[in-house]
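The structure under discussion appears below in the form of structure tokens.
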Amino acid sequence: MKKYILFYFLLAVFFGVEAHELSGIVISEDNDKPLQDVGVYNETTGAYTYTNVSGYFELDDISVGDIVYFYQLGYENYKLTIIESHLDSSVDVKLTISSASLDQVLIVSKVNVLSQFVNVDIKTSPVKSSQEILRKIPGLIIGQHAGGGKAEQIFLRGFDIDHGTDIAIDVDGMPVNMVSHAHGQGYADMHFIIPETIDNLDFGKGAYYANKGNFNTAGYVDIRTKKTIDDNMILLEAGQFNTIRALNMFKILDAENSDAYIASELMLSDGVFDSPQNFNRINIMGRYNFNNYKDQEFNLAISHFQSKWDASGQVPQRAIDQGLIGRFGAIDDTEGGNTSRTNIWVNHNKQLDEHSKVKSSAYVSKYDFELFSNFTFFLEDPVNADQIRQYENRTIIGGKTAFEHSFHLEDHDAQLKYELGVGFRYDDVNDVQLSRTQNRKTLLERLAYGNVDELNAFSHANLTYKKKKWTFNPGLRLDYFTFDYEDLLTTTYDSKSENKILLSPKLNIIYSASSNTQLFLKTGLGYHSNDSRVVTANRGEKILPTAFGADIGTILKPMDRLVINAAFWTLFLQQEFVYVGDAGIVEPSGKTARYGVDFGLRYQITDEVFFNTDINYAHARSTEDPDGENYIPLAPDLTSSGGINFRDLGKFSGGLSYRYIKDRPANEDNSIVAEGYFITDLNLNYNHKNWTFGVVVENLFDSEWNETQFATESRLLNEPNPVEEIHFTPGSPFFLRGKVSVKF
């Protein structure tokens, strides 16, 4: 360190330039422990940095009179005016704990700074379920259509993402998406996450991030769970439709450098349908955190989840119109399934010196899945009906390591940081199959049956060059895939293998005019892999269909507690082959083009009251079909979500939220339309000492709405001819739950 200071002193002597730095330690006033990832921002020059695992920071290009802010969500901002004695010296900064607030987040030259403002939404309006965390992401809509146990259907940026084909979802560095899944590519079941353990999230739209790979086309979501908890908690919820939820979180270790807690959740419900869902889910998670507050942090987590349910499936509109069933009835109520997932994951951060660190993570996951569905009723088999069974038994092993180093250029007038990373993911999927069944008991016919081995090895390089108000962030990602599929239906050994290498460049340019204004341009290539059964069946054609996208936009903070974001974006997706898990067939689809506009507003009206709204428009079309026949089924073109939330208003807290999706085409020529909806939810809590009493109301105004919809050809029993029309899962009616919790 002394050598660097001497070097820059000599430069200053020879060239007449004075380069000064500010360094120090940031700690929490609450426990005097160093704070990691605290933002340190020079408002005068636009320079910024973050504290490391020991709370240490270095900020260059400092002059007398500069205003430096120290900030982290959940702490009051600390303002330091630089005086002569601060130059080339060390300072100790103490941050005071405070409720999350919009003024605690500054707009700096960070690629996805909007995540920090969305985390204010999470802190002020906690999610009610793990999958609902996705609704916090501007423009993202989810829907459930299989009894609460199946992964949600996701919509974002003109994509019907199904269950995760075009959005990469991670939890603490462990992937959620499943490759070559029995039901669908990218299947992302988040039900193994206990919502109260979620700390924050990091998200980005588009495919502009070198450290993100498979499924990152429309965007990515990184969910981060709590490393530690402050209090023990017990919670009980009960409501309509025989719904019960119980939760507990307990600290089991609270030492100087080590913390550990355990959390468990039980969920039971019959659901809103005429045929009870008999839904049950159990989650348990333990997490251990070690931090020496010098140069090392280590996290270990173990979790187990299992769920079982019955489902009423998607019902055809004509069956309701004819009075055969009610809105919450079923044509085949023997649908349903069961699934489980056991995970072990670790994360390790090692600070090598003031400018270098290594981040590593690894995971092992054991996963089972079984799903019974009947989408077409008696179309294929008028006697036994069309029920199918999808099943798999999977083990996932993976890990990654990244080295990060930063240094200064041009007399400390510019900063350069680079990151080099490598990693792998291996999926061993056994007995993945599609079968025709009857009443979930009788096996009628195997349609597909085999074993999948899929390996993705990858590396990435990320460079961030910052000078004054400009930041340039080029990146490059290299992916290598091997796809192996062994067909177990053949009488002789039949195993096929393909491989592919893909190079994906990225570039982000950010101009931070001030701490209140950011302009950005993002562009890059991304991809989602195709199912191994597709890849081997088509002899390696279109293994990794590429997406090319670009964003141009701004984030503004005209007032301390008002944030506005806007962006225009476009995305092109190559030809791809789609494995239709429900039919066991390969279905080709052509090139697509999408463009749209995102707009968001967050306003903290008072210390206690928050308002947010997001409006998102997308235009999505096939580029290879004639006009009028080039709609992309179920792709939403206009969505909006938001709400008003309050806290510490006397002893009350709560909020009112809404979500909206416009009518959208359900088939290629828009002759069948999926109806839109506008739904409002309410939550209200009364806090007394360490007790909280509350109510949660879903669909406050008891609107009649369809949560998920598909244009499907089906035949009812004894119906002479098949009919193609909307089949839907009805959305929940007015749904009231009460809850009580205690912290100690």
Side-chain angles (χ1 to χ4, degrees), residues 128-129 131-132 142-153 163 183 189 191 237-245 266-282 306-339 370-378 385-390 437-441 582 659 674-675 677 679 681 696-710 712 714 716-717 725-738:
K128 301 185 289 292
S129 61
Q131 63 273 23
E132 191 178 308
I142 63 171
Q144 174 58 255
H145 60 263
K150 189 176 176 183
E152 276 68 28
Q153 189 176 7
H163 301 288
H183 181 67
D189 185 351
H191 295 106
E237 291 185 12
Q240 293 175 274
F241 316 116
N242 295 325
T243 300
I244 296 175
R245 178 174 179 260
L266 173 68
M267 178 75 179
L268 305 171
S269 181
D270 282 342
V272 303
F273 299 89
D274 297 341
S275 180
Q277 289 183 354
N278 301 310
F279 173 77
N280 66 79
R281 181 178 72 226
I282 186 168
Q306 62 185 49
S307 180
K308 186 177 181 180
W309 68 96
D310 297 324
S312 296
Q314 296 136 33
V315 295
Q317 183 63 50
R318 66 185 183 279
I320 297 170
D321 296 340
Q322 296 170 16
L324 301 177
I325 60 172
R327 272 183 56 81
F328 298 98
I331 301 299
D332 181 356
D333 65 357
T334 65
E335 297 187 41
N338 59 84
T339 185
E370 183 179 41
L371 181 69
F372 294 90
S373 308
N374 187 348
F375 303 106
T376 55
F377 312 124
F378 294 91
D386 298 346
Q387 185 178 89
I388 59 172
R389 174 181 182 255
Q390 294 165 321
T437 57
Q438 185 177 25
N439 296 323
R440 293 171 69 163
K441 293 291 185 181
D582 299 332
R659 58 190 184 276
E675 294 182 358
Y677 55 78
I679 300 299
D681 298 331
V696 177
V697 182
E698 296 183 26
N699 194 359
L700 177 64
F701 300 112
D702 198 23
S703 301
E704 186 176 286
W705 63 296
N706 299 336
E707 186 163 12
T708 55
Q709 302 169 73
F710 302 88
T712 305
S714 67
L716 302 177
L717 182 64
E725 64 169 350
I726 284 291
H727 292 54
F728 66 91
T729 299
S732 171
F734 180 93
F735 183 7
L736 173 67
R737 303 194 304 275

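Numbering of residues begins at 1 and proceeds along the displayed sequence. Side chains included, hydrogens not; waters and symmetry mates left out as well; all remaining heavy atoms used.
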Quick one: pull up [atom1] in [X] and [atom2] in [Y] and give me the separation to the nearest 0.5 Å.
X	Y	atom1	atom2	result
Asp386	Gln438	CG	CD	11.0 Å
Arg318	Ile325	CZ	CD1	10.0 Å
Phe377	Leu716	CZ	CG	6.5 Å
Phe710	Thr729	CZ	OG1	7.0 Å
Glu707	Ile679	CD	CD1	9.0 Å
Ser269	Ile244	OG	CD1	9.5 Å

Is a side-chain N or O of [X] found less than 3.5 angstrom from the main chain of [Y], in a donor-acceptor match?
X	Y	value
Gln153	Gly143	no
Trp705	Ser732	yes
Asp189	His191	yes
Gln240	Leu736	yes
Glu675	Asn706	no
Thr708	Phe728	no
Gln314	Gln709	no

Taking the side chain as everything from C-beta on, heavy atoms only, tell me whether [X] gets closer than 4.5 Å to [Y].
X	Y	value
Trp309	Thr339	yes
Phe279	Leu268	no
Pro316	Ile331	yes
Arg327	Ile320	yes
Phe273	Asp310	no

#### Entry: Derivation of the side-chain hydrogen bond (donor to acceptor under 3.5 Å, both in side chains) call for Gln387 and Thr437
CA-CA 6 Å; Gln387 185 178 89; Thr437 57; 2.9 Å; yes

## Note on the structure
Result for ring-ring contact (aromatic ring centres under 6.0 Å, His included) between Phe241 and one of Phe328, Phe734, Phe735 points to Phe735

### Query
Using the ring of each side chain (for Trp, its six-membered ring), is His183 parallel, tilted or perpendicular to His163, with breaks at 30° and 60°?
tilted

### Message
For Met267 and Glu237: C-alpha separation, side-chain torsions, deciding distance, then whether side-chain contact (heavy atoms from CB on, under 4.5 Å) applies.
### Response
CA-CA 9 Å; Met267 178 75 179; Glu237 291 185 12; over 6 Å; no

By side chain to side chain donor-acceptor pair (under 3.5 Å) - contacts of [X] (at least two apart):
X	value
Arg389	Glu370, Gln433
Asp332	Thr334, Asn374
Asn699	none

### Task
Taking all non-hydrogen atoms of both residues into account, name the closest pair between Asp702 and Pro733 and its distance.
OD1-CB, 3.4 Å

### Query
Which heavy atom in Gly329 sits nearest to a heavy atom in Val315, and how many Å separate them?
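Closest pair (atom of Gly329, atom of Val315, distance): O-CG1, 3.5 Å.
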
### Query
Would Val697 and Asp681 satisfy side-chain contact (heavy atoms from CB on, under 4.5 Å), going step by step from the backbone distance to the final call?
CA-CA 6 Å; Val697 182; Asp681 298 331; over 6 Å; no

### Message
Testing the 3.5 Å rule here: is there a donor-acceptor pair between the side chains of Ser714 and His727?
### Response
yes

